[in-house]
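One structure is given below, encoded as structure tokens.
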Amino acid sequence: QQEETMNEISNPNKGVYSRRTFLKFAGTGAAALALAACAVPAAPAAPSTAGAAGSAAPAAEAVKLAVMAFGQIDQPAYQALADAYMAQNSNVTMEAVFLPNDENYYAALQAQFAGGSNPDMASMQGWGFQIFADNGAIVGVNSLRERDGFDYAWADNQAIRDYTERGGDTYLIPMQVATMLMFYAKKLFDEAGVAYPTDDWTYDQFVETAQKLTKEVDGKKQWGYQANGNWFRDIHWIRGTGKQEFDSLIDPKTSAFAQPEIVDIVQQIASDFYHTLAISPKPADLDSGAGGINAGQSAMKYEGPWWFPQMVTEKMREEGTAIDFDVVLMPQQQDANRPHRGWAEGLVIFNTAPVDAAWESVKFMSGEEGQKIFSTVTGRIPNNVALVESFWAPMVQEQYGLTNTGAFLKAFDKGEIDIVSGLPRTQYWNEVIKPVGWDPLIAGTTTAADVMPQVDAGVQKLFDDFWASQG
């Protein structure tokens with residue numbers, strides 16, 4: 001009976017799925033099965049909690065937990081949280097492990113679940129948990145939130161609701177809210193005599209500024225803007241036109257990449273910026289270790305708070321390599337509402353975990369004390385708006401030297417989701433959007449007018465196949 005329980009996923013909407021069937025629904029195939037080797041190491045044995053004979057109260061039951069960080073860079077933050085939680089709960093042994101934060105992260109988690117080696121809790125992005133929720137692999141927490149009166153972690157924001165809820169329940173417990181702005185390196189502006197951008201600038205002013213800052217100085221190439229090179233980041237530019245790539249951002253059924261406005265902006269950001277306008281370093285320039293804003297060779301870059309340590313650290317200050325920078329809202333495009341990408345990243349609890357124990361640890365990590373630890377280690381924006389204003393903004397102003405922290409909250413207020421669907425966002429990118437669209441555009445071998453209809457056809461097939469599988 002226990003083996004049966006561990007190898008089946010009960011989903012009230014869709015019956016019972018085996019772990020292997022879940023992997024099949026995930027669309028990850030043999031590649032994901034190979035990733036099953038990425039098993040979570042067994043947590044160290046929990047310390048004995050057996051009390052001496054005649055003790056006044058029984059010791060708390062020993063609990064072992066494992067939490068998966070999204071990438072090695074976040075592992076120290078989760079380990080700091082684990083250490084702090086264990087210091088307050090002597091019966092708990094908690095280990096922070098990680099998988100690389102690349103395009104295979106969710107496939108690896110799916111494979112781990114299929115093989116029974118998944119962690120108790122895992123870090124996920126707001127667009128990544130849905131396939132796990134739809135197949136009953138993770139725990140809905142609405143009843144736990146209501147029981148404990150715990151709502152601290154969820155900002156009152158539509159993007160947060162869209163990125164944490166699914167089918168009437170809540171699955172993602174935010175560890176951070178996120179948005180992205182334009183970073184600019186002050187030195188390159190100062191040396192060129194170009195005024196810093198301001199929150200009210202326009203797209204045309206952005207391109208003009210990037211052109212002015214693209215030059216060769218003392219035989220060294222300098223660029224005005226470091227382009228993103230992927231659809232995930234370029235979603236901002238697409239939405240700024242007032243159009244979107246799908247008929248709906250939640251559970252879409254129709255692909256719409258070939259709209260004229262999208263074709264036009266994608267041609268610019270994914271090709272012309274590298275070639276015709278030549279305002280951005282090419283991937284080969286970045287691969288050689290040069291060209292980037294953090295190398296002092298690009299003046300602007302679209303990024304988020306996780307990028308702060310790439311610009312400034314104490315060691316970089318001591319070595320004279322720190323980049324003096326600030327941030328502004330993304331430039332105004334056709335959409336007068338100026339949407340910015342907004343999302344949550346956080347933790348989910350697998351249905352194989354000791355749920356109450358895992359929930360208690362997650363409440364600590366996503367509560368005020370845990371958020372201060374996580375934000376201090378990573379620089380990320382806390383999940384609670386009041387804490388952003390009282391703790392995070394002063395901290396990053398002092399630690400990294402930027403002043404326009406208010407732009408992050410302004411952008412977050414305008415937050416719009418990328419896509420929420422039964423397939424992970426990475427699947428659209430890996431199977432269609434990257435190989436068919438962005439790769440040849442960045443290489444300069446095609447035009448957006450030629451490839452966006454092909455992207456539509458490929459994404460539409462993914463939609464059609466997925467919806468057909470739902471019956």
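Any value given below was found using the heavy atoms of this structure, including those in side chains, with hydrogens, waters and symmetry copies removed. Note that the coordinates shown come from a computational prediction; the quantities given were computed from them, not determined experimentally.
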- Query: With sequence neighbours excluded, what pairs up with D326 under the side-chain contact (heavy atoms from CB on, under 4.5 Å) test?
  - Reply: Y184, K186, L402, T403, N404
- Step through the shown structure and confirm whether more than 12 heavy atoms of other residues, nucleotides or ligands are within 6.0 Å of CG on D287. yes
- Query: Where the side chain of D234 meets the backbone of N228, is there a donor-acceptor pair that is under 3.5 Å apart?
  - Reply: no
- Message: Assess whether a salt bridge exists between D335 and K243, defined as any Lys/Arg side-chain N lying under 4.0 Å from an Asp/Glu carboxylate O.
- Response: no
- Message: Let me confirm one number: the NZ-CD distance from K461 to E431, rounded to the nearest 0.5 Å.
- Response: 9.5 Å
- Message: Assess the residue pair D285 and W223 against the criterion (side chain to side chain contact (heavy atoms under 4.5 Å, CB included)); give the C-alpha distance rounded to whole Å, side-chain angles, the decisive distance to 0.1 Å, and a yes or no.
- Response: CA-CA 11 Å; D285 298 310; W223 291 271; 3.7 Å; yes
- Task: Using a 4.5 Å cut-off on heavy atoms from C-beta on, say whether the side chain of S375 contacts that of M395.
- Result: yes
- Nearest 0.5 Å please: distance from the CD atom of Q267 over to the CZ atom of F273. 11.0 Å
- Message: Holding to side-chain contact (heavy atoms from CB on, under 4.5 Å), I want the full list of residues that pass it with A96, two or more places apart in sequence or in another chain.
- Response: V67, Q75, Y78, Q79
- Report the residues that fulfil side-chain hydrogen bond (donor to acceptor under 3.5 Å, both in side chains) with S421, sequence neighbours left out, ordered by chain and then residue number. Y428
- Task: List the atom of F246, the atom of L249, and the distance in Å for their closest heavy-atom pair.
- Result: CD1-CD2, 4.3 Å
- Beyond-backbone contact of D418 with W343, side-chain heavy atoms, under 4.5 angstrom: no
- With a cut-off of 6.0 Å (strictly less than), are more than 12 heavy atoms of other residues, nucleotides or ligands near CG of L462? yes
- Going by distance alone, is a donor N or O of one side chain under 3.5 Å from an acceptor N or O of the other, for T352 and N118? yes
- Item | Shortest non-hydrogen separation from I293 to S298 and the atoms involved | CG1-O, 3.2 Å
- Task: Just jot down the side-chain contact (heavy atoms from CB on, under 4.5 Å) partners of A84, sequence neighbours excluded, or say none.
- Result: F364, I373
- Item | Euclidean distance, D156 CG relative to N384 CG, rounded to 0.5 Å | 11.5 Å
- Rounded distance (nearest 0.5 Å) linking atom CZ of F129 with atom CG of D134: 8.5 Å
- Message: Between the side chains of R147 and D356, is the shortest nitrogen-to-carboxylate-oxygen separation below 4.0 Å, so that they form an ion pair?
- Response: yes
- Message: Tell me if a side-chain donor or acceptor on T241 pairs with a main-chain N or O of I262 at a distance below 3.5 Å.
- Response: no
- Message: Please find the pair of heavy atoms, one from A336 and one from Q332, that lie closest to each other, and give the distance.
- Response: CA-NE2, 3.4 Å
- Are the ring centres of F325 and W307 closer than 6.0 Å? no
- How would you list, by chain and number, every residue that makes a side-chain hydrogen bond (donor to acceptor under 3.5 Å, both in side chains) with Y302, sequence neighbours excluded? none
- I381 side chain reached by F412 side chain, heavy atoms, under 4.5 Å: no
- Task: Report the residues that fulfil salt bridge (Lys or Arg N to Asp or Glu O under 4.0 Å) with E368, sequence neighbours left out, ordered by chain and then residue number.
- Result: K372
- What's the spacing between F132 CZ and I138 CD1 if we round to 0.5 Å? 7.5 Å
- Query: Is a side-chain donor-acceptor pair under 3.5 Å present for W237 with Q268?
  - Reply: no
- Item | salt bridge (Lys or Arg N to Asp or Glu O under 4.0 Å) partners of D204, counting only residues at least two apart | none
- Please name all residues satisfying side-chain hydrogen bond (donor to acceptor under 3.5 Å, both in side chains) with Q125, sequence neighbours left out, ordered by chain then number. Y106, W127
- Message: Which residues pass the salt bridge (Lys or Arg N to Asp or Glu O under 4.0 Å) test with K253, not counting sequence neighbours?
- Response: none
- Side-chain contact, heavy-atom cut-off 4.5 Å: W231 with I238? yes
- Message: Do Q259 and E245 have side chains that approach each other closer than 4.5 Å (heavy atoms only, starting at C-beta)?
- Response: no
- Kindly indicate whether the side chain of K301, heavy atoms from C-beta on, has any atom under 4.5 Å from the side chain of M311. no
- Mind running side chain to side chain contact (heavy atoms under 4.5 Å, CB included) on L387 and W392 for me, showing each step along the way? CA-CA 7 Å; L387 196 63; W392 179 82; over 6 Å; no
- Query: Given the rule in the side chain to side chain contact (heavy atoms under 4.5 Å, CB included) test, do T254 and Q460 qualify, once you have shown the distances and angles that lead to the verdict?
  - Reply: CA-CA 6 Å; T254 305; Q460 189 61 52; 3.9 Å; yes
- Under the 3.5 angstrom rule, does the side chain of H340 hit a backbone N or O of L329 as a donor-acceptor pair? no
- Item | Whether F206 and Y203 hold their rings parallel, tilted or perpendicular, with breakpoints at 30° and 60° | tilted
- Item | Neighbour count above 12 (heavy atom, 6.0 Å) for Q72 CD | no
- Task: Spell out, as yes or no, whether a donor-acceptor pair under 3.5 Å connects the side chain of S280 to the backbone of A227.
- Result: yes
- Note on the structure: Those residues at least two apart in sequence (or on a different chain) that pass salt bridge (Lys or Arg N to Asp or Glu O under 4.0 Å) with E416 are R239
Which pairs of donor and acceptor atoms, one on a side chain in residues 169-181, lie under 3.5 Å apart (sequence neighbours left out)?
from, atom 1, to, atom 2, distance (Å)
D169, OD1, V141, N, 3.4
D169, OD1, N142, N, 3.0
D169, OD1, N142, ND2, 3.4
T170, OG1, N142, OD1, 2.6
T170, OG1, R145, NH1, 3.3
Q176, NE2, E345, OE1, 3.4
T179, OG1, R341, O, 2.7

- In terms of ring plane angle, is the pair W429 and F232 parallel, tilted or perpendicular, where the classes change at 30° and 60°? tilted
- Query: Do the side chains of I442 and P283 get nearer than 4.5 Å, heavy atoms only?
  - Reply: yes
- Item | Point-to-point distance, once rounded to the nearest 0.5 Å, from CG of L286 to CD of Q226 | 5.0 Å
- How far apart are the closest heavy atoms of P354 and L65, and which atoms are they? CG-CD2, 3.7 Å
- Note on the structure: Between F463 and P252 the two heavy atoms that sit nearest each other are CZ-CG, 3.6 Å
- Task: Using atom types as modelled and distance alone, determine if a side-chain donor or acceptor of Q130 lies under 3.5 Å from a backbone N or O of R166.
- Result: no
- Assess whether side chain to side chain contact (heavy atoms under 4.5 Å, CB included) is satisfied between I250 and I417, documenting all intermediate values. CA-CA 9 Å; I250 298 178; I417 66 172; 3.8 Å; yes
- Tell me, please, which residues at least two apart from D439 pass side-chain hydrogen bond (donor to acceptor under 3.5 Å, both in side chains). K434
- Message: If you compare all heavy atoms of M124 against all heavy atoms of L109, which two are closest, and at what distance to 0.1 Å?
- Response: CE-CD1, 3.8 Å
- Message: Hydrogens and angles aside, do W359 and D148 bring a side-chain donor and acceptor to less than 3.5 Å of each other?
- Response: yes
- Heavy atoms, side chains only, cut-off 4.5 Å: are K410 and R338 in contact? no
